[in-house]
Amino acid sequence: MDSATIATLKAMMEWEGQRKGPPAGFPSLPDVPAARYTSAEYYRLEQEHVFGKSWLFAAHLDEVPEPGSFMRWNNAGDPIIIVHGTDGVVRAFYNTCRHRGAPVVTEDRGCAKRLVCPYHAWTYKTDGSLIGVPERQNFVDLDLTTRGLIPVRCEMFGQLIFVNFDDEAPTLREWLGPIAEEWEEFGFDKLRLAARHTFDLACNWKVAMEANMEVYHVPFIQPETVAPLVDAKRNVNHLYPNGHGRMLAPPPRDMQGETVRAIENAPNWITIDTVGELGRTHTQSYTIFPNWVSPQSNFFVPPLIFWPTSRTTTRLELITMAPDWGDGEAPDLWTVPDETSPNGRAMAKLIQEDTQFGEAIQRSMESRGFKSVPLSYQEARIYWFHQHCDRMIGPDVVPPHLRVEQAIGSDWVSPNDPRVRMLDAEKQEAAE
């Protein structure tokens, strides 16, 4: 990020802290229909169109580190296997044998030169091609070249592996848009997987995720953990194509320099040397549509991934990726040891604060007293997210009572930002 851009962003943060209302021309946001959080119909549409057509984070290369490595992945409904081919290429396939539909892989992880279905021993290479059928003489006109494992689109960003069920979707880099360039400073090609844990939440996935898409709540439910580190009033939201977003916030003015970052005094944690000034001194968090939220710094990239498991339940993945920590203890931002937990970990206090109301909110939303959701300018990332959900589904496909208006236009979406023009106009006026 060049110095001019950094200066503009700093000026915009000060401007946000002084404004008396939303920026001139920012649209009035119509209420979000309540049933988007409770409707079985809308949940079905999300599964088919949002999760069925978006790029989804599936794995880190550390989980399939060597040729022949494979892992099962079931977070988006259809059973998938991620395979590091013997040719060095990482691929994804439906974990479904082309004979009688049995799962080809039954272990969570493994390493093999061939993938053999346990039912009738149909055998596949790591590139998915079918190479072995027992008693093949009993089949008439069986063409092995047309019976390979069915691939799922799979692309990488650095060491991260993403999948997409839609053959017509844009490439992963096209999907990320300008964020791909912004992320270069974080060295995704060098980050290792330090921790990956899952927790089940009793609420709709959007309820859980939206708690991490605004700082409006910070002074009220996180007065000791986040509020001392983030100046919520000077927070700047940015909207990107394809439903993505970013928040950027400075520390409070009275913050002591040595404690600007929540983890700055953590011993023996390696830093990402290429991260620029704002990543080192400010809090910034990216929302990658549909279900990734990650505050990113010069210490690590720790995404929270929200997977719908039913209309009213969510599986939350808490992931920490960091530079190689050598022989030291692997960093884990989001969880702490807990001997009473089945996986030996518990959510850290900050995550507990963000998730504590989920179940109660879901129960309340199911009542006749929940009609709709009015959102503020500071919650624009949430509205932009809902707009893109409907775009993925098709606005005309979404029933009218579940639909959000496409209120935020492209003039408020990167690379456009009317606030920059407002800043320039105010500078010019002050100079005169």
Side-chain angles (χ1 to χ4, degrees), residues 44 47-176 180 188-189 193 242 290 307 392 394:
R44 179 186 62 78
Q47 291 296 100
E48 179 179 355
H49 298 282
V50 174
F51 285 88
K53 299 178 182 178
S54 300
W55 283 100
L56 307 172
F57 172 74
H60 188 283
L61 190 60
D62 283 353
E63 296 175 282
V64 284
E66 59 186 287
S69 299
F70 61 84
M71 63 176 284
R72 293 195 299 179
W73 187 79
N74 302 313
N75 285 341
D78 288 344
I80 302 296
I81 46 175
I82 311 293
V83 183
H84 190 156
T86 55
D87 59 358
V89 178
V90 176
R91 300 177 177 86
F93 304 98
Y94 289 98
N95 189 18
T96 305
C97 183
R98 298 298 305 280
H99 177 216
R100 302 251 304 268
V104 176
V105 169
T106 57
E107 303 169 278
D108 286 337
R109 286 182 173 80
C111 188
K113 293 182 179 180
R114 300 286 185 265
L115 303 175
V116 182
C117 177
Y119 196 4
H120 295 96
W122 281 36
T123 302
Y124 303 85
K125 293 173 64 177
T126 56
D127 66 1
S129 56
L130 178 63
I131 58 169
V133 174
E135 300 186 32
R136 184 178 173 185
Q137 71 275 10
N138 289 320
F139 290 86
V140 178
D141 297 330
L142 180 66
D143 183 357
L144 270 62
T145 64
T146 66
R147 303 285 181 170
L149 295 175
I150 295 177
V152 176
R153 288 188 64 185
C154 180
E155 296 183 18
M156 298 186 65
F157 186 87
Q159 304 271 54
L160 280 62
I161 302 166
F162 288 78
V163 298
N164 193 317
F165 296 98
D166 182 9
D167 291 336
E168 305 301 320
T171 67
L172 174 59
R173 280 194 166 266
E174 290 171 338
W175 177 255
L176 293 173
F188 278 80
D189 58 331
L193 180 65
N242 298 321
W307 299 105
M392 294 296 289

| What distance separates L130 CG from C97 SG, expressed to the nearest 0.5 Å? | 7.5 Å
| note | To the nearest 0.5 Å, atom OH of Y124 lies from atom OG of S129 at 10.5 Å
Is there a side-chain contact between [X] and [Y] (heavy atoms, below 4.5 Å)?
X: L149; Y: Y94; value: no
X: I150; Y: T96; value: no
X: L56; Y: P290; value: yes
X: C117; Y: H99; value: no

With sequence neighbours excluded, tell me which residues meet side-chain hydrogen bond (donor to acceptor under 3.5 Å, both in side chains) with [X].
X: E135; value: N138
X: H60; value: none
X: T171; value: E174

Quick test of your reading: applying salt bridge (Lys or Arg N to Asp or Glu O under 4.0 Å), list the pairs with at least one residue in [range], sequence neighbours left out, ordered by first then second residue.
range: residues 136-160; value: R153-E155
range: residues 117-127; value: none
range: residues 100-124; value: E63-R109, R72-D108

Please enumerate all residues that pass side-chain contact (heavy atoms from CB on, under 4.5 Å) together with [X], with sequence neighbours excluded.
X: A180; result: F157, R173, L176
X: P151; result: F93
X: Q47; result: Y43, F51, P308
X: N75; result: W73, R196, W307, E317

Show me the donor-acceptor pairs, under 3.5 Å and distance only, between side chains in residues 76-87 and residues at least two apart or in other chains.
residue : atom : partner : partner atom : Å
H84     : ND1  : V64     : O            : 2.8
T86     : OG1  : T126    : OG1          : 3.3
D87     : OD1  : V89     : N            : 3.1
D87     : OD1  : R91     : NH1          : 3.1
D87     : OD2  : R91     : NH1          : 3.4
D87     : OD2  : R91     : NH2          : 2.6

| request: Specify the closest pair of heavy atoms between T146 and R98, including all atoms of both residues, with the distance to one decimal. | output: O-NH1, 3.6 Å
With a cut-off of 3.5 Å and sequence neighbours excluded, list every side-chain donor-acceptor pair involving residues 158-170.
residue : atom : partner : partner atom : Å
N164    : OD1  : D166    : N            : 2.8
N164    : ND2  : K53     : O            : 3.2
N164    : ND2  : S54     : O            : 3.4
D166    : OD1  : E168    : N            : 2.9

